[in-house]
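In listed order, ligands and their atoms are each counted from 1.
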Amino acid sequence: MTSPKSSNLTWHGANVTSDEREGILGQKGCVLWLTGLSASGKSTIARRLEQLLLERKVTAYVLDGDNLRMGLNKDLGFSPADRAENIRRVGAVAQLFADAGTVCITAFISPYREDRDLARSLNLPGRFIEVHVSTSLEACEARDPKGLYKKARAGQIPEFTGISAPYEVPMAPEITLDTENRDVDECAYQLVQDLRQRGFIPAA
Ligand code: ADP
């Protein structure tokens, strides 16, 4: 990672330790990083999971690729360099949410291993859970909820992941989600269960 442009910076720590913060909140912050092709189900699962967690009084928040591209990342496109910067920024934001004690669920295609690894490296060991939403290209293309694959096949969207831009499959994700044989709820509940087992949220 490059160093900051500015010098004379001082890190200001909090008055409460991370342990104290997590004791008060009754949960541990983490990043649940969903990666997969467009239409693999990242946003749908992320939203359902967020809802399930909030219903259980767990503070959770979704960072969604399209949403952030409308604000924080509105200056970025889909070239490899812009995709890397997109992930660098959202990785940093996700880390802040985790540091605040929130279960931060991210839904970005994040096609490059190097970029995902950078996002991982910003977090404390064990606090970054890579979730490969492993829906096949064929299934994503058959779903095509936003008609993007159709446009990409017609050459109307350049650099479309899976069609004209690469997707690097995670080598060792903590979790692999099969959305082709299981519905949205089953996938979301699997993640709730996993968060419990890893001790981020209280047992049922
Ligand atoms: P992404 O965020 O990965 O681009 P979306 O969540 O926007 O994908 O779209 C996924 C589509 O697949 C939705 O239309 C959703 O209803 C459908 N779908 C079918 N089965 C599942 C599943 N098990 N998990 C998630 N989405 C599913």
Fill in: Salt bridge Arg89-Asp75, side-chain N to carboxylate O under 4.0 Å
yes
Discussion item. Applying salt bridge (charged side-chain N to carboxylate O under 4.0 Å, His left out), can you list everything that pairs with Arg83, at least two apart in sequence or on another chain?
Written reply: none
Discussion item. So which atom in Val133 and which in Ser40 form the shortest heavy-atom distance, rounded to 0.1 Å?
Written reply: CG1-O, 3.3 Å
Worksheet item: Hey, is Lys150 close enough to Asp144 for a salt bridge, meaning N to O under 4.0 Å?
Response: no
Worksheet entry | Every residue of the protein that comes under 4.0 Å of ligand 1, judged on heavy atoms | Leu37, Ser38, Ala39, Ser40, Gly41, Lys42, Ser43, Thr44, Ile45, Arg143, Pro145, Lys146, Thr179, Arg182, Asp183, Val184, Cys187
Worksheet entry | Side-chain touch Phe108/Trp33, heavy atoms, less than 4.5 angstrom | yes
Fill in: Test: Glu141 and Lys146 ion pair at under 4.0 Å
no
